[in-house]
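Because the structure is a prediction, the values reported are computed rather than measured.
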Amino acid sequence: MSVLLHNLSREREMENVHLAVEEEDIYSGYNDYNPTFDSEELENDVGFQQAVRTSHGRRPPMTAKFPGTAIGARPLATAFGARIPLASSMGRPMTGAVQDGAARPMTAVRAAGYTSSLTRGSTFDPLGQSKGPAPPLEGKNEDTPEEKIKILEKKVNDLIEESCMAQSIGALQLALEKAKEAGRKERALVRQREQSGNAEHINLDLTYSVLLNLANQYANNEMYPEALNSYQVIVKNKMFSNAGRLKVNMANIYVKQKSYPKAIKFYRMALDQISNAHKELRIKIMQDIGVVFVRMGQYSDAITSFEHIMSESPNIKTGFNLILCYYAIGDRERMKKAFQKLISVPLGIDDEDKYISSNDDNDSNMVIEAIKNDKLHQMERNLKVLAEKYIMTAAKLIAPAIETSFATGFDWCVDIVKSSQYIELANDLEINKAITYLRQKDFNQAVETLKTFEKKDSRVKSAAATNLSFLYFLEKDYDQADRYADLAMTADRYNPAALINKGNTVFVKQDYEKAAEFYKEALRNDSSCTEALYNLGLTYKKLNRLDEALDCFLKLHAILRNSAQVMYQLANLYELLEDPQQAIEWLIQVLSVTHTDPQALAKLGELYDSEGDKSQAFQYYYESFRYYPSNIDVIEWLGAYYIETQFCEKAIQFFERATLIQPTQVKWQLMVASCYRRSGNYQKALETYKDIHRKFPENVECLRFLVRLCTDMGLNEVQEYATKLKKVEKMKEIREQRVKSGRESSSRGRREGSAGSAAGVSSSVSSPKMGTLLSNTLSPVYRKTDVKAGERMKVSQPESQQTSPLLDSGRDSAHSSSTKGERLSAKMRSLPGSNEPYEASSPKEIDASYVDPLGPQMERPKTGAKRRVEDDDFADEELGDDLLPE
């Protein structure tokens, strides 16, 4: 028992003993294996043994001492003295330790910079600078075939990289050129290797990269035959591994060329060469096959592909395509099943709660803020928005088809959505149901559907009230629109659409200042609300604050660069600010967006006309007429332009079109007849006047023209028309006297297009002239010429007296004299205006004078007039006195 206790106490003492080697080993790390310092072969290494023997005895004495270990300080002997060997962890003696009584020199421990020559008085030169500069580096010999091949390979790689970079920035042509150059240099590289005898060392990866990049660049530049040839070279080469996958690229090209059977063939060939390990790639190829079948109209084959995908790896896009195929073949039950599969597709998106900070830990809050809007979260949001879009579109598509009525179908879709993860889409589907009622022009049902949201949560309630407000606004029920706008604002004060509707109702009531405040509040809630900014500009325009309106529309133009409405408003504002050049520039920008807008073309013509540029004005007015030939203002301007330029025959077509548009307006038909008369076609003018007389028998101006023309042409009908003219003027006299006696304080009654609008009377009756009224309704071209009407009458009478032999008889029947022209012109100058009181005189003779509605005919410039040179046989001879008459 005592022996056992003694042994136990001895073991406890040994536990407290710490060996120096185990506690602190100054050679720690030397036990790591390195084949270079393998000591097992040192004895057999002749070179090492020779080095040990030759270096022995040349070491300087070492004076440094190692620090003591845990046991205590110990001297480190050199080769001249014995030293205590310290075993390593491997158990082998250290280099230089005493072995079998022989002292081994320390060849592995040598201080840097200290050599045996130090004892002989040499200077300290650890870097060897006393030996002079180092010899220059040997330059590479680039003339060798190996170096040339390396340089050429580097150029090819650089060209491929440059081609890819050019394609990434959209420079497709440059990318193709770089790819072609890389192909040329790669072929030169192959030839050079063959010439140098290194054909077996051809870089296949480089060749593959060059061909693939070239094919891709051909495809990007829509050079599909060349791209297919390049892909074919890669696919047929058995030395390229996995080249069969490129048949997918070839199939994509066939799809772009609309060669759908070939595309399906190559898709299936690629599918056969891809193993089942690449499941995702196979699914994508099968999805492409299904889409191609849809384009071919083979919906059953497409359904087979999509159903396989939905069973293996369901996704949102394939589910939506499957619903479309079922809708195309009209299968109601399978549409319902596909819709249920669509809303059950997992998106793989984490809950949004992880982005909400729930504690006061600053570190976790900083992490949440960092990931709240990172790329991954943006991708998750985009995926969720895309899924909601597909589900909403599918529901709106199949709702009218899966049940007998679309309302029942919408109710089924809403019930299915409410039981899914997209429960918030149910309210949106209800609102879409109301919109569908509107498209079917069932206004009452739409309103009833939207009114059901009044008791729901604030967001949906605000959206429904906003739609109701807008519907009532379109129906011009402004009180209801204002009521629901207030309801929408109460539910959600920060709803910009509700604020805009409220501003619109106030705008209609002409309270522009208050409307502007609502539009400003909408902009404060949503600075990108273009509707509020546009309406605010219109409000400032109504308030005549043109500069502020201009600022609003300029800001809006910065947001909506191609909005024709915004640019037209800017042009209109510059016109109001009396800056026609800026207005013209903005209208030209409008035409760059909408090339066929007749109103913008007409406005541009008006601006050029105000600037005095008639040729440009005519160009834009004529373009406006081409696109919209029913604008009376444009037709009137074009007719006036041709009359002003003395091309009356060209003005006829425009006035005839005006006659078709306004058949009850007699002035257009009078214009047509006057154009015929001015162009010299008197017979056609006479027929036109007769036709006008048949349609408007009481038109005094037409009868005057008939009397005048028949007199000039010597027709026997002159007496008949003169009698009718006298009767009509008497009827007008009686009618106007009754009107004056009945209502002296009121203005005289007028009939649109009749002789009461503007008629001349005989010497016994004085009434306004037709030409005066016409000059007030036509363009300024006519107003300038009406002043000379009386003077023209004085000139035309003597000419007609000489040319027409029947004129005298006409005058006799009308009890006139040879000086009638002067008296008539004087009488017309003394006619009362349209607003002067009417006074009758004794009826003695008929006033057969007339005023041309086109104004007096201007003298046409004689641009081509030239005195004709007549050939005279006696031009070179002098006439003597004997040849002159006596």
Quick one: are [X] and [Y] in side-chain contact, heavy atoms under 4.5 Å?
| X | Y | answer |
| --- | --- | --- |
| K262 | I264 | no |
| S528 | L523 | no |
| V417 | V414 | no |
| E380 | L383 | no |
| N535 | F507 | no |
| I559 | V566 | no |

Would you confirm whether the ring centroid of Y299 sits within less than 6.0 angstrom of the ring centroid of F293?
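Centroid separation for F293 and Y299: 6.0 Å or greater.
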Check residues 246-254 and write down every donor-acceptor pair under 3.5 Å in which the side-chain atom is one partner and the other belongs to a residue at least two apart or another chain.
{"from": "N249", "atom 1": "ND2", "to": "Y231", "atom 2": "OH", "distance (Å)": "3.2"}
{"from": "N252", "atom 1": "OD1", "to": "Y267", "atom 2": "OH", "distance (Å)": "2.4"}
{"from": "N252", "atom 1": "ND2", "to": "V248", "atom 2": "O", "distance (Å)": "3.3"}

Decide if atom OH of Y422 counts as having more than 12 heavy atoms of other residues, nucleotides or ligands within a radius under 6.0 Å.
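Correct, the count exceeds 12.
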Inspect the surroundings of OH in Y494 and state if more than 12 heavy atoms from other residues, nucleotides or ligands are less than 6.0 Å away.
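12 or below, so no.
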Heavy-atom closest pair, residues K514 and V506:
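Residues K514 and V506, closest heavy atoms: CB-CG1, 3.7 Å.
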Provide the full list of side-chain hydrogen bond (donor to acceptor under 3.5 Å, both in side chains) pairs with a residue in residues 398-409, sequence neighbours left out, each pair given once.
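Passing the test, one end in residues 398-409: K336-E403, S405-T408.
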On the 0 to 90° scale, with breaks at 30° and 60°, tag the F553-Y534 ring pair as parallel, tilted or perpendicular.
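Perpendicular: the ring planes of F553 and Y534 meet at over 60°.
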Among N525, T466, D526, find the one that has a side-chain hydrogen bond (donor to acceptor under 3.5 Å, both in side chains) with N495.
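Among N525, T466, D526, the one that satisfies the side-chain hydrogen bond (donor to acceptor under 3.5 Å, both in side chains) with N495 is T466.
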Could you list all the salt bridge (Lys or Arg N to Asp or Glu O under 4.0 Å) pairs where at least one residue sits in residues 299-315, not counting sequence neighbours?
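Residue pairs with at least one partner in residues 299-315: E307-R334.
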Look up atom CG in L174 and atom CD in Q167, then write down how far apart they are to the nearest 0.5 Å.
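Here the rounded value is 11.5 Å.
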